[in-house]
Peer 1: 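One structure, as C-alpha cells, below. Some questions next.
Both counts, for ligands and for their atoms, begin at 1 and track the order of listing.
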Amino acid sequence: MEEHILKGKGAKSRFGDHLWLDITLLGRHHIEHNLREVKEICESFLGIDPAEKWIPVRPAQHYTMGGVRTNPTGESRKLKGLFAAGEAACWDMHGFNRLGGNSVAETVVAGMIVGEFIADFCDNIGSNFDIPMGLVNEFGRREEAKLKVLLNGGGTENAFKLNMEMQDTMTRCVGIFRSGEALQEGVAKLQELLVRSRNIGVSNRVPGVNPELVMAYRVQKMIKLALTVSYGALQRTESRGAHFRRDFPHRNDQQWLKRTLSFWRDDNATLPELEYEDLDVMKMELPPGWRGYGAKDYIDHPDTPKRAAEVEEIKQRMAGQDRYAVQDAIMSYTDKLPAKLRGLNERIDEPLDR
Ligand SMILES: Cc1cc2nc3c(=O)[nH]c(=O)nc-3n(C[C@H](O)[C@H](O)[C@H](O)COP(=O)(O)OP(=O)(O)OC[C@H]3O[C@@H](n4cnc5c(N)ncnc54)[C@H](O)[C@@H]3O)c2cc1C
C-alpha cells in the first residue's frame, strides 16, 4: 500500500492519500456473516456499506514499541514513584517482537504484576519521598508561564500547522520502509519544526477550554517524541521487528542487540541524547534466533551459539524432570514477581499435584 501511495497512485482525500479496497465481490452474505467486524467498522467510522461501496484504506500506526524504561516492577529507573505499564512502557516482555495480539497480553500481564508493585509501593512507608512544596510550586509556575507566553507572547507559528507538518514528515520519512536518506531528511525537518514550535502563538486567547491552546502546549512535546523515534531509527543501521531499513535489510544482533535510550537533558537541544543498553543473551531463556518466519538471514550475537548450547545441555540433562525445575534451571524468574503471584502456574490439561 505504502509503495503504491508513494508512487503517486493513491486516491486523494482530505485525510491524506489512500487506496480503495473492493470487497463487494465477496457478496453481502459473506460480508455480513464472516466479516461482521469489518462491516461494523465501515458503518461506524466511514458511514458506508462495504457490500455496496469500496473502502478507503491506508497504513496506520497500530502500536508504539518503546516507552518509559522500567525495571521489572514497572518503576522508572530515573524517577522514583513513576510506574509505567502496557503500551507506554518498555518493560522487557515483548520488546521488538510485537506480533498481533501481544499488546493485549502485555497490558493484561503488566496490569496484574505492576499493579501489585504499585500497591506495595504506596503501602510502604519507605516510599515516602519528600518533595519540597517550593519545587512543586516552581514547576507549576514554569508551566503557567509557558501557557502565558503561548497566549500573549506574540509568537507567530500556528500549532495546528506544525502538527500537520510533523504528521506528514513522519508518514513520508519514518514509515514502514525506511532508509538513511529519508530518515535524515525527516530528522532535519523535525528539528526545524522543533525550533519553530518555540515561537507558537495562538489566535484564540481564551485561557480555559481552548483546543488551540491545548495543541500549542502539546505539539512541542509531540515533535520531541517524533525526533526520538526518527533519530533513534536513523542511528540503528539494521532491520529488526517493525523497524525495516531498505539500506540495512538484515537483523544484526552482533552490533544491535541493545535498547536505545534517549534523553532530552537540555531544553534548547534539537536532538535527544542517545545511549544504549546491552542485552545479556546468557540470561535469556531463548537466545534470539530464527523463529521460522521470514528469511533466515540475520547476524547472530557472539553469545547466541554459546547460550543455545547451554540451554540444550540443561534440557537434555534434566529430561524427564518436572517443568518447573527445568524452567528454573534455564531462567529463574519467580523472584521478579510480587510475592502473591509466585505460585506455580497450572495448565488446564496438566493439573497441579503438589
Ligand atoms: C486499530 C488498532 C487495533 C488494535 N488491535 C489489536 C489486536 O487485535 N490485538 C492486540 O493485542 N492489540 C491491538 N491493538 C493494540 C492495543 O489495543 C493497545 O496496545 C492496548 O490497548 C494499549 O493498552 P494500554 O492500556 O497500554 O493503553 P491505552 O489503551 O492507550 O490506555 C491509555 C489510557 O490513558 C489515557 N490517558 C492518556 N493521557 C492521559 C493523561 N494525561 N491523563 C489521564 N489519562 C490519560 C487515555 O485516554 C487512555 O484511556 C490495536 C491498536 C489499534 C490502534
Peer 1: Only heavy atoms of Glu87, strictly under 4.0 Å: list the atoms of ligand 1 that pass.
Peer 2: 18 (C), 19 (O), 20 (C), 22 (C), 26 (O)
Peer 1: Can you name the atoms of ligand 1, numbered from 1 with element, that are less than 4.0 Å from a heavy atom of Val104?
Peer 2: 10 (C), 11 (O), 12 (N)
Peer 1: Between Ser203 and Glu212, do the side chains contain an N or O donor and an N or O acceptor separated by less than 3.5 Å?
Peer 2: yes
Peer 1: Can you tell me which portion of Glu106 lies within the under-4.0 Å heavy-atom range of ligand 1? Options are side chain, backbone, both, or neither.
Peer 2: neither
Peer 1: Which heavy atom of Asn163 sits nearest a heavy atom of Met215, and at what distance?
Peer 2: ND2-CE, 3.3 Å
Peer 1: Is there a donor in the side chain of Thr304 and an acceptor in the side chain of Asp253, or the other way round, less than 3.5 Å apart?
Peer 2: no
Peer 1: Using the six-membered ring of Phe15, assess whether NZ or CZ of Lys12 lies under 6.0 Å from its centre and within 45 degrees of the ring axis.
Peer 2: no
Peer 1: Could you tell me whether Arg245 and Glu238 have a side-chain N and a carboxylate O separated by less than 4.0 Å?
Peer 2: no
Peer 1: State the atoms of ligand 1, each with its element, that fall below the 4.0 Å cut-off from a heavy-atom position in Tyr63.
Peer 2: 19 (O)
Peer 1: Which atoms from ligand 1 have a heavy atom of Gly86 less than 4.0 Å away?
Peer 2: 26 (O)
